[in-house]
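Worksheet: the structure to be examined is printed underneath.
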Amino acid sequence: MNDAEISETLAAAHARHRPVALRGGGVFSGMHRRVVGADELDLRARRTILEYEPRDLTIAVECGATAAQVEQTLRERRQFLPLDAPNPLLASVGGVLAAGWSGPRRHRYGRPRDLLIGSAFALADGTLARAGGMVVKNVAGYDLSRLFVGSFGTLALLLRANFKALPFPECTRVFLATLPAGTRERAFAQVRNLRPEPAAAWWVAGFTHEIDGDEGDDGRIAILLECEGALLERATLDWRAALGRAGIPETRLLDAGAHAAFARLLDAPMHLPDAHALTYRSPSLPSRALDLADGMADLVDRFEMRRDVLVDVMNGDITIRAAGEAPSFPRMVGMLDDALHDLAPHARILSGGGDAHDRLDCFGLLPNALARMRALKERFDPRGILNPGVAFFDGLHT
Amino acid sequence: MLIERLTDALGADAVKTSPEDLACYSFDAYSQGVLPSAVVLPSSAAQVSAVVKIARDLGEPLIARGSGTGLCGGAAPERAGVVLSFARMNQLIELDIENRRARVAPGLINLHLSERIASSGFFYAPDPASQRASTIGGNIGTNAGGPHCLAYGTTVNHVLALEIVDDRGECFTTSVEDLGYDLTALLVGSEGTLGIVTSAWVRLLRIPPATGVWLAAFPSIESASEAVSAIVGAGILPTALEMMDATIVRAVESAYAAGYPEDAAAVLLIESSGEPEEVASADAAIAKIVRAHGATKWEAAKSAEQRDALWRGRKGAAGAVGRIAPNYYTQDVCVPRTRLPEMLAAVDDAARKHQVVVGNVFHAGDGNLHPLLLYDKRDARQVAAVIEIGNLVLARAVELGGTISGEHGVGIEKRAGMSMVYRTEDLAAMACVRDVFDPQAFLNPEKIFPSGISCREMRT
């Protein structure tokens, strides 16, 4: 389906007041509610790399292009776009942006929205429009491209996204360490202050099937080093020394397997071992992340569910997966959901078995500027045809 | 009535009404606007809110203003109204080094933040040339850039959360962590037309342990431009990659003796920061590229003093040009990096044709040009020529896939230019946003949008 056909489809839907459900790779579908009673508009075939000029470090893609496809295109010219998407073979660029996804490398390279420099989109009535461009600095008018980030496809249908790319790091190395009892806080503090700065770092408890490394009494850590070749060995010595000061005797290095190990770390939050599991993410400040993670973990324990925890050391995100047994699972997660939101009001569901995200408070505390968001939704999609009920913008779920 | 109510709300010393005071707030670094009805200096978000409510009651527009260093008339009143100066809201409200962030009031001078936190080993990255004078609130309004945004990004990449007073005087907050539409990104760069920033959380970065600054001289501006594309294309992203042409180099040398070779047709000032190994490898790699592109000189700053001198020349370039011409006009466009040679040729052609001297000093690594057009405003022919060249430059930038403003904003100056880069549908979508946030256009009216653009009704 080309842009003109999408425009016609939306114009017709708008005219008939007929809702449309936008379909991408489905990787982020656990983060929002199901769209009901709408015609599906599948965007996955729209996956052309539209423009790529390596010497400009810019790339423009159709929003159905997958994260893996973009990565592969850029890799051929030793460039990259750190979208940090889970399941990149499925995750579309449009999905990453619509979900407002941001990953563990954002403290270093920025969020996907920070790298977004322009877009083309279709409004609810089918009008085709665009914002920004293919230049890395642009202050001509409002930044509509970024406004649409996090919209779950409710303001406009993103057709094309333009990004600034980055030079691909020469070396990638993953450091894995098992934490002996009593070392976690010191390890966390050391990792936060490492030089050179990690590209990403996690404290992990559980996720033993998804994430490399052996669990210790205090969990384990994984750190991603991305740097130039000239820096690799010195950085390794310095990092190991710093971890040694935290009481960590050994560090395992992954070089050949570094990219795969990193990919597994990105995938873990979206992985559900069975239908009786549910994964939350809560933003937090790095300085408070461990305490909050412990509090959340205690709650899961109290409900006698199994748990896995992942803390993004550099950015503070806490990911916690709770798993239980049928038939008590639905009742238990209902109680857990209430308790978790008392402790971590911004916790949101990333993925859940069954209809968890439809039944539970999957968004956590709604934003302070909710009224403005709703007013924007009303103005951009007055008939509510774009992904109705998918989130909180149209008031169908309050 | 207006003055009495403002005085009741803020106190007499926070309301300026004398003709000379009003005159001081009637323009910015670009343009002369009209005299405002009053200038207020609020001390808190509550006072900003009170001012908005009073002005709105009386139908007076509101113009938020930082230090007035804007180059496109963004802070110049077009319809009188109340100017809000944030000179008294200039605090570093909270410093949270552990989480690498700071909460600032909008009137805090950009450079003061980095100076205040330097001893902690951190800095605030956006560094517009005006950073000694411009405020972070003003920088948020224009999404200000600067030489170092090549590596660090512009203001929008460094704002974590905003507190805003809206067109009705009500307060709301946004954060990059919020679920839903990215209102933080929308508000940054909206030139005070969607809300008034009363505080912001900004990101702090660690000061890199090593920094190298190099100067490369070229026999032609084309060879320098090609070297820029080659550096970026080779996967090297310096922290700054700045170009100056012969006119600028000579002006800078006569003003500052910065150490630039006066016989060069173009000079690149390059900075790379990071770990010492990274700086060393950037040195080797960039040296190889610039030599391959015909550089006649390649020199590293050997001391902090020499580094500062090289930067002083670059940052003072506009001031230096002020010594060789009675007036100058700074244009600001951005093109894809590979189109720099064509863009520079177009600037040169237009200047020659109209017999105007042009100096180019710009953020080459970003493709962000700043042709400085030298003229004498007492000469009507020169004034007309400068306006004509400015328009030609905008048109050519758009033809080359670029934009009409890379970092200065739209304000009054480039309203008409918006129609060069965007179609009516694109602008109408922006106007719909304006309509949601400020339907009666109380906030900085007459800015950004060309005439005749409105939020078009949806199809029926």
**Complete:** Counting heavy-atom pairs under 4.5 Å with chain A, the top scorer among B/Leu187, B/Leu179, B/Val410, B/Asp435 is B/Leu179
**Prompt:** Between A/Ala235, A/Ala131, A/Gly132, A/Ser102, which residue shows the highest count of heavy-atom pairs closer than 4.5 Å to chain B?
**Reply:** A/Gly132
**Residue part contacting chain A, namely of B/His408, when any heavy atom lies under 4.5 Å** = backbone
**Request:** Taking the side chain as every heavy atom from C-beta outward, state whether A/Phe380 and B/Val436 have any atom pair closer than 4.5 Å.
**Result:** no
**Message:** So for B/Val228, is it side chain, backbone, both, or neither that comes closer than 4.5 Å to the heavy atoms of chain A?
**Reply:** neither
**Asked** Do A/Leu147 and B/Leu183 have side chains that get closer than 4.5 Å, going by heavy atoms?
**Response** yes
**Request:** With rounding to the nearest 0.5 Å, note down the distance linking OG in B/Ser229 to CD in A/Glu53.
**Result:** 8.0 Å
**Complete:** From the list A/Asn368, A/Asp143, A/Asp56, the residue making the most non-hydrogen contacts under 4.5 Å with chain B is A/Asp56
**Asked** A/Glu170 versus chain B, heavy atoms under 4.5 Å apart: side chain, backbone, both or neither?
**Response** neither
**Item:** Test side-chain contact (heavy atoms from CB on, under 4.5 Å) applied to B/Val433 and A/Arg379, step by step
**Value:** CA-CA 8 Å; B/Val433 172; A/Arg379 178 57 52 94; over 6 Å; no
**Request:** Determine whether A/Lys137 and B/Cys149 make a side-chain contact, defined as any pair of heavy atoms from C-beta on separated by less than 4.5 Å.
**Result:** yes
**Request:** Could you tell me which of B/Gly409, B/Gly189, B/Gly180 has the largest number of non-hydrogen atom pairs under 4.5 Å with chain A?
**Result:** B/Gly180
**Prompt:** Tell me, side chain or backbone of B/Arg434 under 4.5 Å from chain A's heavy atoms, or both, or neither?
**Reply:** both
**A/Arg195 versus B/Pro209, closest heavy-atom pair with distance** = NH1-CD, 3.5 Å
**Asked** Which value, rounded to the nearest 0.5 Å, describes the distance between A/Asn193 atom CG and B/Arg206 atom CZ?
**Response** 6.0 Å
**Asked** chain B: which of A/Ala156, A/Ala165, A/Ala98, A/Gly141 shares the most heavy-atom pairs with it under 4.5 Å?
**Response** A/Gly141
**Message:** So for B/Thr173, is it side chain, backbone, both, or neither that comes closer than 4.5 Å to the heavy atoms of chain A?
**Reply:** both
**Prompt:** For B/Ser175, is it the side chain, the backbone, both, or neither that has a heavy atom closer than 4.5 Å to a heavy atom of chain A?
**Reply:** neither
**Message:** Between A/Gly100, A/Gly133, A/Pro54, A/Pro196, who has the most heavy-atom pairs with chain B when the cutoff is under 4.5 Å?
**Reply:** A/Pro196
**Asked** Do you know which of A/Asn315, A/Thr58, A/Leu370, A/Leu194 has the most heavy-atom pairs under 4.5 Å to chain B?
**Response** A/Leu194
**Side-chain heavy atoms of A/Val135 within contact of B/Arg337, under 4.5 Å** = no
**Prompt:** Which one, B/Thr338, B/Thr403, B/Val335, leads in non-hydrogen pairs under 4.5 Å with chain A?
**Reply:** B/Thr338
**Asked** Where the side chain of B/Asn99 meets the backbone of A/Ser287, is there a donor-acceptor pair that is under 3.5 Å apart?
**Response** yes
**Asked** Between B/Glu275 and A/Arg234, is any pair of side-chain heavy atoms under 4.5 Å apart?
**Response** yes
**Prompt:** Given the rule in the side-chain contact (heavy atoms from CB on, under 4.5 Å) test, do A/Val149 and B/Tyr181 qualify, once you have shown the distances and angles that lead to the verdict?
**Reply:** CA-CA 6 Å; A/Val149 173; B/Tyr181 310 151; over 6 Å; no
**Asked** Do B/Phe449 and A/Tyr142 have ring centroids that are under 6.0 Å from one another?
**Response** yes
**Message:** Side chains of A/Thr127 and B/Glu425 only: does a donor on one sit below 3.5 Å from an acceptor on the other?
**Reply:** no
**Prompt:** Is it the backbone or the side chain of B/Met430 that comes under 4.5 Å from a heavy atom of chain A, or both, or neither?
**Reply:** both
**Complete:** Ranking A/Arg288, A/Met134, A/Arg113 by heavy-atom pairs under 4.5 Å to chain B gives rank one to A/Arg113
**Message:** Could you check whether any side-chain heavy atom of B/Asp182 comes within less than 4.5 Å of a side-chain heavy atom of A/Phe148, counting everything from C-beta outward?
**Reply:** no
**Item:** Close contacts, residues 157-168 of chain B versus chain A, judged by heavy atoms under 4.5 Å
**Value:** B/Asn157, B/Asp166
**Message:** Looking at every heavy atom in both B/Phe172 and A/Ala369, which two are closest together, and how far apart are they?
**Reply:** CD1-CB, 3.8 Å
**Asked** Hey, does B/Glu278 have a side-chain heavy atom less than 4.5 Å from the side chain of A/Leu231?
**Response** yes
**Item:** B/Asp178 side chain near A/Leu366 side chain, heavy-atom distance below 4.5 Å
**Value:** no
**Message:** Walk me through whether A/Leu144 and B/Asp426 qualify under side-chain contact (heavy atoms from CB on, under 4.5 Å).
**Reply:** CA-CA 9 Å; A/Leu144 297 186; B/Asp426 312 329; over 6 Å; no
**Prompt:** Which is it for A/His346 and B/Glu177 under the side-chain contact (heavy atoms from CB on, under 4.5 Å) test, yes or no, and what are the steps along the way?
**Reply:** CA-CA 9 Å; A/His346 292 96; B/Glu177 295 289 354; over 6 Å; no
**Asked** How long is the span from the CZ atom in A/Arg108 to the CG atom in B/Leu205, to the nearest 0.5 Å?
**Response** 12.0 Å
**Request:** Mind ranking B/Ile231, B/Thr154, B/Val156 by heavy-atom pairs under 4.5 Å with chain A and telling me who comes out on top?
**Result:** B/Val156
**Request:** Would you check, one step at a time, whether the test salt bridge (Lys or Arg N to Asp or Glu O under 4.0 Å) holds for B/Glu170 with A/Arg372?
**Result:** CA-CA 12 Å; B/Glu170 305 299 328; A/Arg372 259 109 201 140; over 6 Å; no
**Message:** Which atoms of A/Arg192 are under 4.5 Å from chain B, going by heavy atoms: the side chain, the backbone, both sets, or neither?
**Reply:** both
**Message:** Between B/Lys447, B/Arg100, B/Lys414, who has the most heavy-atom pairs with chain A when the cutoff is under 4.5 Å?
**Reply:** B/Arg100
**Request:** Check B/Val421 against A/Arg130 and note the closest heavy-atom contact, atom names and distance.
**Result:** O-NH2, 2.7 Å
**Which portion of B/Asp366 sits near chain A, non-hydrogen atoms under 4.5 angstrom** = both
**Item:** B/Ile448 versus chain A, the contacting section by heavy-atom distance below 4.5 Å
**Value:** side chain
**Item:** chain B contact via A/Lys377 - side chain, backbone, both or neither, heavy atoms under 4.5 Å
**Value:** both
**Fill in**
Assert top hit (heavy-atom pairs under 4.5 Å, partner chain A, pool B/Gly145, B/Gly233, B/Gly235, B/Cys334) equals B/Cys334
